[in-house]
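Here the structure comes first, spelled out in structure tokens, and everything after it is commentary.
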Amino acid sequence: MLNNNNITTIESLGEFRFIDRITQHFKLKNSSTKKGIGDDAAVLDFGSKKTLVSTELFTEGIHFNLMYFPLKHLGYKTVVSGISDIYAMNATPKQITISLAISNKFSVESIEELYSGIQLACEKYHVDLVGGDTTASLTGLSIGITVIGEADDKDIIYRKGASPNDLLCITGDLGGAYMGLQLLERENEVFKVNNNMQPQLTGYDYILERQLKPEARADMLEHFRTIDIHPTSMIDVSDGLSSEIMHLCNSSKLGCRLYEEKIPMDNQTKQMAQELNINPLVAVLNGGEDYELLFTIPLEAHGKIKNDPNITIIGNMTKKEEDIHLITTGGSKVKLIAQGWKEE
Ligand code: ADP
Ligand code: MG
């Protein structure tokens, strides 16, 4: 925690010294970054490569709660969530811009905390912070991120490329970030009633990390190259498995069968779901924020992934007429909808 002697108001520095202060430790790493922060625009040069652009906006009270979400983690997660979209195209993120709307409850030091998380993610994923915008807000904090990436045209993987009989696959496991959030929310409610209560978080380090410090699956793209698989379509899981599957199916003009029993979940995810009396399937289908990669590969590539601990086959693509279905562990067939599923 900061003591009062260490609190600087943003007003006392003025906008330009404030931007200098929060961005001073960022060093440029990519040769495609010709000019970063400090002019009217950044200058980028990708030579013969294709350029990819993706933007996200997060607002306090809607996307994050600063009662339990540390600012440093928020900075890190903002970057991860932004670059994950670029990785989901099988491209490499290179530059980011960050835009802030800040109310006067935030000190310079608190925004420096946010930027220390942004910087940590920039180091880890080798991206340059090349600009942004800073403005005032009446209440709360909003953070916008734009990510710029590069790829060879032939390497870009779209949502639309899947074919019938392709295997539907997922990296890692699902539902952890959602159950981590439920745990943090529960402890926050307890704390609001009695602020002498210490949060009960032990034994749940994995799901808390999934919520508070997620990673983008750059490592899996590398892994795909190593095991020589070429996804036909791909998307990252930011909004929950149902809506991501629907995106792949709709873009590829296909149907799909998803098998409940195949969906990979960590034990902590299942345990927390049981403790809170939540169907873990809700965490997976509606939860989101796992930032795993959902992708399809041709049936012939089955042998390359069947024993891979990092990849799970969770279903298969079908003709459009067969629609998008979940086959439950009990064997019934239900229709998937954008937020969850529907009994027929
Ligand atoms: P302008 O008045 O031309 O919009 P600004 O004063 O907003 O310029 O920004 C000056 C420089 O600082 C620009 O390079 C801009 O991209 C960068 N910048 C502004 N706000 C941020 C921020 N929150 N994070 C990172 N860079 C920023
Ligand atoms: Mg500006």
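Values reported hereafter were calculated over all heavy atoms of this structure, with side chains retained and with hydrogens, waters and symmetry mates removed.
- The shortest heavy-atom contact between Gly131 and Ile37 is N-CG1, 3.5 Å.
- Leu120 and Val79 fall within the same hydrophobic cluster, defined by Ile, Leu, Val, Met, Phe, Trp and Tyr side-chain heavy atoms under 4.5 Å apart, directly or through other members.
- There is no side-chain donor-acceptor pair under 3.5 Å between Glu261 and Thr329.
- The local environment of NZ in Lys262 is sparse, with at most 12 non-hydrogen atoms from other residues, nucleotides or ligands closer than 6.0 Å.
- The 12-atom threshold is exceeded at CD of Gln24, counting heavy atoms of other residues, nucleotides or ligands nearer than 6.0 Å.
- Taking the charged nitrogens against the carboxylate oxygens, Glu275 and Arg186 do have a contact shorter than 4.0 Å, which makes a salt bridge.
- Other residues, nucleotides and ligands contribute at most 12 non-hydrogen atoms within 6.0 Å of the CD atom of Glu11.
- Crowding of Asn188 atom CG: a count of heavy atoms from other residues, nucleotides or ligands under 6.0 Å exceeding 12.
- Heavy atoms only, all atoms of each residue included: Leu168 and Ile245 are closest at CD2-CD1, 3.8 Å.
- To the nearest 0.5 angstrom, Ser116 atom OG is 8.0 Å from Leu114 atom CG.
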Practice item. Check the pair Lys192 / Glu189 against salt bridge (Lys or Arg N to Asp or Glu O under 4.0 Å), numbers first and verdict last. Key: CA-CA 5 Å; Lys192 280 200 294 203; Glu189 288 306 312; 3.1 Å; yes

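- For the residue pair Thr146 / Thr55, a side-chain donor-acceptor distance below 3.5 Å is found, with atom types taken as modelled.
- Under a hydrophobic clustering in which Ile, Leu, Val, Met, Phe, Trp and Tyr are joined whenever their side-chain heavy atoms come within less than 4.5 Å, directly or via other members, Leu44 and Ile98 fall into different clusters.
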Check your understanding: Would Thr296 and Ser233 satisfy side-chain hydrogen bond (donor to acceptor under 3.5 Å, both in side chains), going step by step from the backbone distance to the final call?
Key -> CA-CA 5 Å; Thr296 53; Ser233 68; 2.6 Å; yes

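- Contact record, Ile118 with Ile96: CG2-CD1, 4.1 Å, taken as the closest heavy-atom pair.
- More than 12 heavy-atom neighbours from other residues, nucleotides or ligands sit within 6.0 angstrom of NZ on Lys34.
- Linking ILVMFWY side-chain heavy atoms closer than 4.5 Å, directly or via other members, places Tyr259 and Ile311 in two distinct hydrophobic clusters.
- Glu244 contributes no side-chain N or O that, together with a main-chain N or O of Leu294, makes up a donor-acceptor pair within less than 3.5 Å.
- Look at Lys50 and Glu150 and you find no salt bridge, because none of the NZ, NE, NH1 or NH2 atoms lies under 4.0 Å from a carboxylate O.
- Judged by distance alone, the side chains of Thr8 and Glu109 do bring a donor and an acceptor atom under 3.5 Å apart.
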Exercise for review: Show your working on side chain to side chain contact (heavy atoms under 4.5 Å, CB included) between Leu212 and Tyr76 and close with a plain yes or no.
Suggested key: CA-CA 9 Å; Leu212 294 172; Tyr76 193 89; over 6 Å; no

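- A side-chain N or O of Ser332 and one of Thr328 form a donor-acceptor pair less than 3.5 Å apart.
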Review point. Checking side chain to side chain contact (heavy atoms under 4.5 Å, CB included) for the pair Lys29/Glu123: CA distance, chi angles, key distance, verdict?
Key: CA-CA 9 Å; Lys29 307 169 200 70; Glu123 297 295 329; 3.8 Å; yes

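- Glu260 places none of its side-chain heavy atoms less than 4.5 Å from the side chain of Ile327.
- Summarising the geometry of Ile337 relative to Met246, their closest heavy-atom pair is C-SD, 3.4 Å, with the distance given to 0.1 Å.
- In Lys304, the NZ atom is crowded: over 12 heavy atoms of neighbouring residues, nucleotides or ligands sit closer than 6.0 Å.
- A heavy-atom distance below 4.5 Å is not found between the side chains of Ile324 and Lys335.
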Point to revise | From CA spacing to verdict: salt bridge (Lys or Arg N to Asp or Glu O under 4.0 Å), Lys105, Glu60 | key: CA-CA 13 Å; Lys105 78 175 181 194; Glu60 185 177 352; 2.9 Å; yes

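- In the model, Thr33 has a side-chain atom that pairs as donor or acceptor with a side-chain atom of Gln95 under 3.5 Å.
- There is no side-chain donor-acceptor pair under 3.5 Å between Ser103 and Thr139.
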Review point. What's the verdict on salt bridge (Lys or Arg N to Asp or Glu O under 4.0 Å) for Glu322 and Lys319, showing C-alpha distance, side-chain angles and the deciding distance?
Key: CA-CA 6 Å; Glu322 292 180 45; Lys319 291 210 183 87; 5.5 Å; no

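- Side chain to side chain, Asn90 and Tyr158 fail the donor-acceptor criterion of an N or O pair below 3.5 Å.
- Ionic pairing of Arg210 and Glu215 is not present here: no N-O contact between side-chain nitrogen and carboxylate oxygen is shorter than 4.0 angstrom.
- Taking every heavy atom of both residues into account, Cys256 and Thr318 meet most closely at N-OG1, 3.1 Å.
- With hydrogens and angles left out, the side-chain atoms of Asp205 and Gln268 include a donor and acceptor closer than 3.5 Å.
- Under the 3.5 Å distance criterion, with hydrogens and angles disregarded, a donor-acceptor pair is assigned to the side chains of Glu289 and Gln211.
- One finds the CG atom of Asn286 at 10.0 Å from the CG atom of Leu241 (value rounded to the nearest 0.5 Å).
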Point to revise | Verdict with supporting geometry, Gln119 and Phe26, side chain to side chain contact (heavy atoms under 4.5 Å, CB included) | key: CA-CA 7 Å; Gln119 194 180 358; Phe26 287 79; 3.6 Å; yes

Review point. Where do Asp45 and Ser32 land on the side-chain hydrogen bond (donor to acceptor under 3.5 Å, both in side chains) test, with the steps shown first?
Key: CA-CA 5 Å; Asp45 180 1; Ser32 53; over 6 Å; no

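- The structure places NE2 of His247 at 5.0 Å from CD1 of Ile235, a figure rounded to the nearest 0.5 Å.
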Practice item. Step by step, work out the side chain to side chain contact (heavy atoms under 4.5 Å, CB included) result for Ile148 and Ile86. Key: CA-CA 8 Å; Ile148 296 148; Ile86 301 291; over 6 Å; no

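- Side-chain contact, His230 with Asp228: a donor N or O sits under 3.5 Å from an acceptor N or O.
- How far CG of Asn250 is from CZ of Arg159: 10.0 Å, rounded to the nearest 0.5 Å.
- Ring geometry for His63 against Phe58 counts as perpendicular: the plane angle is over 60°, on a 0 to 90° scale with 30° as the lower cut.
- Under the 3.5 Å distance criterion, with hydrogens and angles disregarded, a donor-acceptor pair is assigned to the side chains of Asp308 and His223.
- Note on Met67 and Leu181: same hydrophobic cluster, where clusters join Ile, Leu, Val, Met, Phe, Trp and Tyr whose side-chain heavy atoms are under 4.5 Å apart, directly or indirectly.
- Classification of the Phe224-Phe295 ring pair by plane angle, with boundaries at 30° and 60°, yields tilted.
- A cation-pi geometry, defined here as NZ or CZ lying under 6.0 Å from the six-membered ring centre and within 45° of its normal, does not hold between Lys94 and Phe46.
- With rounding to the nearest 0.5 Å, the separation of NE2 in His126 from CG in Asn30 is 5.0 Å.
- Remark: Asn65 CG is packed, more than 12 non-hydrogen atoms of other residues, nucleotides or ligands lying under 6.0 Å away.
- For the residue pair Glu292 and Thr171, a side-chain donor N or O sits within less than 3.5 Å of a side-chain acceptor on the partner.
- Of all heavy-atom pairs spanning Asp166 and Pro298, the tightest one is OD1-CA, 3.4 Å.
- One hydrophobic cluster, built from ILVMFWY side chains closer than 4.5 Å, holds both Leu66 and Leu201.
- Distance check, rounded to the nearest 0.5 Å: CG of Leu254 to SG of Cys249 gives 6.5 Å.
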